[in-house]
K.L.:
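Take this structure first; my questions come after.
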Amino acid sequence: QVQLVESGGGLVQTGGSLRLSCAASGSIRNINTMGWYRQAPGKQRSVVATITRTGTTNYTDSVKGRFTISRDNAKNTVYLQMNNLESEDTAVYYCNADITTSYYRRYLDYWGQGTQVTVSS
């Protein structure tokens, strides 16, 4: 089994900062792209940022310049540093990773359970 566990969510005021982390564990062979997604009430889940195994990053326009995605391959962990938070950032944030296991060599898509981020005005 493979599990992704997010942490670091919470309640902050507008302009504040949070750092999310997501650790993958289990029978992991390789991890390719990792990313963060979010879902606000009444909206579909959408991508926030992604990062390849070699460090290439992509961000949705609304967070560019405020959020930074990074990863530690030795720890199978991805991070999302969120600065200058706005009320529109309020959502459940989900970790995502493409992973091969010790028993199956094709990449499969895995999701974490989500962590709540609430930004108050």
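Note that the numbering runs from 1 along the sequence shown for the chain.
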K.L.:
Is any side-chain heavy atom of Thr77 less than 4.5 Å from a side-chain heavy atom of Arg71?
P.N.:
no
K.L.:
Determine whether the side chains of Ser17 and Asn83 contain a donor N or O and an acceptor N or O closer than 3.5 Å.
P.N.:
yes
K.L.:
Can you tell me how far apart CG (Leu85) and CG (Leu18) are? Round to the nearest 0.5 Å.
P.N.:
5.5 Å
K.L.:
Residues two or more places apart in sequence or in another chain: which of them pass side chain to side chain contact (heavy atoms under 4.5 Å, CB included) with Ser70?
P.N.:
Tyr79
K.L.:
Does the Ser102 side chain pair with the main chain of Arg29, one donor and one acceptor, at a distance under 3.5 Å?
P.N.:
no
K.L.:
Kindly compute the distance separating CD (Gln113) from OG (Ser7), expressed to the nearest 0.5 Å.
P.N.:
9.0 Å
K.L.:
Return the CZ to OG1 distance between Arg38 and Thr90, rounded to the nearest 0.5 Å.
P.N.:
9.0 Å
K.L.:
Below 4.5 Å, heavy atoms only, C-beta onward: do Ile28 and Thr101 meet side chain to side chain?
P.N.:
no
K.L.:
Applying side-chain contact (heavy atoms from CB on, under 4.5 Å), run through Ile31 and Val78 and close with a yes or a no.
P.N.:
CA-CA 11 Å; Ile31 303 178; Val78 63; over 6 Å; no
K.L.:
Does anything in residues 88-121 form a disulfide (SG to SG under 2.5 Å)? List the pairs, not counting sequence neighbours.
P.N.:
Cys22-Cys95
K.L.:
Is there a side-chain contact between Thr115 and Tyr94 (heavy atoms, below 4.5 Å)?
P.N.:
no
K.L.:
Only pairs at least two apart or in different chains count here, so list each side chain to side chain donor-acceptor pair (under 3.5 Å) that has a residue in residues 39-52.
P.N.:
Thr52-Thr54
K.L.:
Any side-chain to backbone donor/acceptor pair from Tyr59 onto Ile69? Under 3.5 Å, distance only.
P.N.:
yes
K.L.:
Atom CG of Asn30 and atom CG of Asn76: how far apart are they, to the nearest 0.5 Å?
P.N.:
9.5 Å
K.L.:
For the pair Ser87 (side chain) and Ser120 (backbone), establish whether a donor and an acceptor sit closer than 3.5 Å, ignoring hydrogens and angles.
P.N.:
no
K.L.:
Any side-chain heavy atom of Tyr93 sitting closer than 4.5 Å to one from Met82?
P.N.:
yes
K.L.:
Can you tell me how far CG of Leu80 sits from OG1 of Thr68, rounded to the nearest 0.5 angstrom?
P.N.:
8.0 Å
K.L.:
What I'd like to find out is whether the side chain of Leu11 reaches to under 4.5 Å of the side chain of Val117, using heavy atoms alone.
P.N.:
no
K.L.:
Quick check: Trp36 with Phe67 (ring centres under 6.0 Å apart)?
P.N.:
no
K.L.:
Measure the CD-OG1 distance between Gln13 and Thr118 for me, rounded to the nearest 0.5 Å.
P.N.:
13.0 Å
K.L.:
Short question: side chain of Asn96, backbone of Tyr110 - any donor-acceptor pair under 3.5 Å?
P.N.:
yes
K.L.:
Stepwise, does the side-chain contact (heavy atoms from CB on, under 4.5 Å) test hold for Asn73 with Arg53?
P.N.:
CA-CA 8 Å; Asn73 291 338; Arg53 191 172 69 176; 4.1 Å; yes
